[in-house]
Amino acid sequence: MKLLVVGSGGREHAIAKKLLESKDVENVFVAPGNDGMTLDSLELVNISISEHSKLIEFAKANDIAWTFIGPDDALAAGIVDDFNQAGLKAFGPTKAAAELEWSKDFAKEIMVKYGVPTAAYGTFSDFEEAKAYIEKQGAPIVVKADGLALGKGVVVAETVEQAVEAAHEMLLDNKFGDSGARVVIEEFLDGEEFSLFAFVNGDKFYIMPTAQDHKRAYDGDKGPNTGGMGAYAPVPHLPQSVVDQSVETIIKPVLKGMIAEGRPYLGVLYAGLILTADGPKVIEFNSRFGDPETQIILPRLTSDFAQNITDILDKKEPTITWLDEGVTLGVVVASEGYPLGYEKGLPLPEKTAGDIITYYAGAKFAENSRALLSNGGRVYMLVTTADTVSAAQEKIYDQLEKQDTTGFFYRTDIGSKAVK
Ligand code: AMP
Ligand code: GLY
């Protein structure tokens, strides 16, 4: 079987690498991928994620059994609808089902309608109305661009002034273009954040191990929000009862709701949750795997990944199994300056061997050689599995100290919330 993965980051590296380990898989192509992936025998296809008809042509010409879609913007652009219309299978939600991610207002409406616990909110396209709401509610309060904003469209405001300024930037200064033409303003939820992922087809779903991302750029959750600087799974201090409660109060009703709305969900559903004093509540849904969570969840999958996805697509009961001991932890190495401006073209350390995996994101071969150079904000990620969070931290941070990371930075406290 030949498979295609759409996307180019560390997430897609982890998906493609795991698929290639499957028994019946001969080739895994990644479009457009990054050069680092070729070190794991993945094959790059030079087509961008927005060129749906070229991707479809490639899939047909190369006898691709099905395509796994990584990024949210491809899903929001209806890539799955286009593949299906061309008679091809793709793992990911249709544009209508992916609206759970690409419109925060839509996600909120679904949650309210189907009784899914989430922060109280208002949606505004008029600045004066938004300002009045913020002043009435008081701070802390959270201001979110309605549409996709590369994970940067959320401001957790500690004061009314900050919140009003954020609403001003989104609604009047066009900071996020059309994505910020409407804003969702919501109650600040206090508690520990975690992510729950599930493979889904309609009302059937298969929960993955819990994960915790680190979205701020610097140690101690300081600095600007990023795509994610490191993660670990499972979250050892989250009791199974919280997972069970999240399944009952969040996953089941939202999937039922999507069916009732005529938008049945297929693909990976990602619930970003906060464990409040009143139980888990949703801060966002994403319609895809997380990055960097995928890189620490998929190494824990012990069943045949390609067979699992084939079965889910065919509505057969998959046999999905996970490593049930230890912790998998990963640290992202990013270009100095990320998430703002940064340099490209700096040399990368050698790919790790043994039980530390290197997943590449912004990586590119130098001209005329196979030396890898940096080519993005998040550059690569080291991932390992160990008995405890602290043992995994030790392995990763020892390795990072041995590497020349000049021009890059990484957080030195990934997983520390689990080590008390
Ligand atoms: P999002 O892009 O929706 O995941 O939001 C980015 C980050 O903002 C989240 O990871 C949370 O840390 C924080 N956040 C979002 N919504 C809330 C909320 N209602 N209460 C507290 N923190 C929030
Ligand atoms: N790690 C956060 C995200 O993928 O949205």
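We count ligands from 1, going down the list as the structure has it; atoms in each ligand are counted the same way.
- The contact shell of ligand 2, taken as protein residues with any non-hydrogen atom closer than 4.0 angstrom, comprises Asp213, Lys215, Gly227, Tyr270, Asn286, Arg288, Gly290, Asp291, Pro292, Glu293.
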Verdict with reasoning, Asn308 to Ser303, per side-chain hydrogen bond (donor to acceptor under 3.5 Å, both in side chains): CA-CA 8 Å; Asn308 292 156; Ser303 50; 2.7 Å; yes
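- Neither the backbone nor the side chain of Asp213 comes within contact range of ligand 1; no heavy atom lies under 4.0 Å.
- Nearest heavy-atom pair, Ala130 versus Leu171, reported as atom, atom and distance to 0.1 Å: CB-CD1, 4.0 Å.
- Residue contacts with ligand 1 for Val142 involve side-chain atoms from C-beta outward but no N, CA, C or O (heavy atoms, distance under 4.0 Å).
- Closest heavy-atom approach to atom 10 (O) of ligand 1 within the set Glu101, Glu193, Arg216: this belongs to Glu193.
- Ser374 and Ser335 form no side-chain donor-acceptor contact under 3.5 Å, judged by distance and modelled atom types alone.
- With a 4.0 Å cut-off on non-hydrogen atoms, Lys144 touches ligand 1 through its side chain and not its backbone.
- Screening residues 156-169 for salt bridge (charged side-chain N to carboxylate O under 4.0 Å, His left out), with sequence neighbours left out, gives Glu169-Lys175.
- Cation-pi check for Lys95 over Trp102 is met; the charged atom lies under 6.0 angstrom from the ring centroid and within 45 degrees of its normal.
- Between Phe29 and Phe58, a ring centre-to-centre spacing shorter than 6.0 Å is recorded.
- A donor and an acceptor atom, one from each side chain of Tyr270 and Glu101, are nowhere located under 3.5 Å apart.
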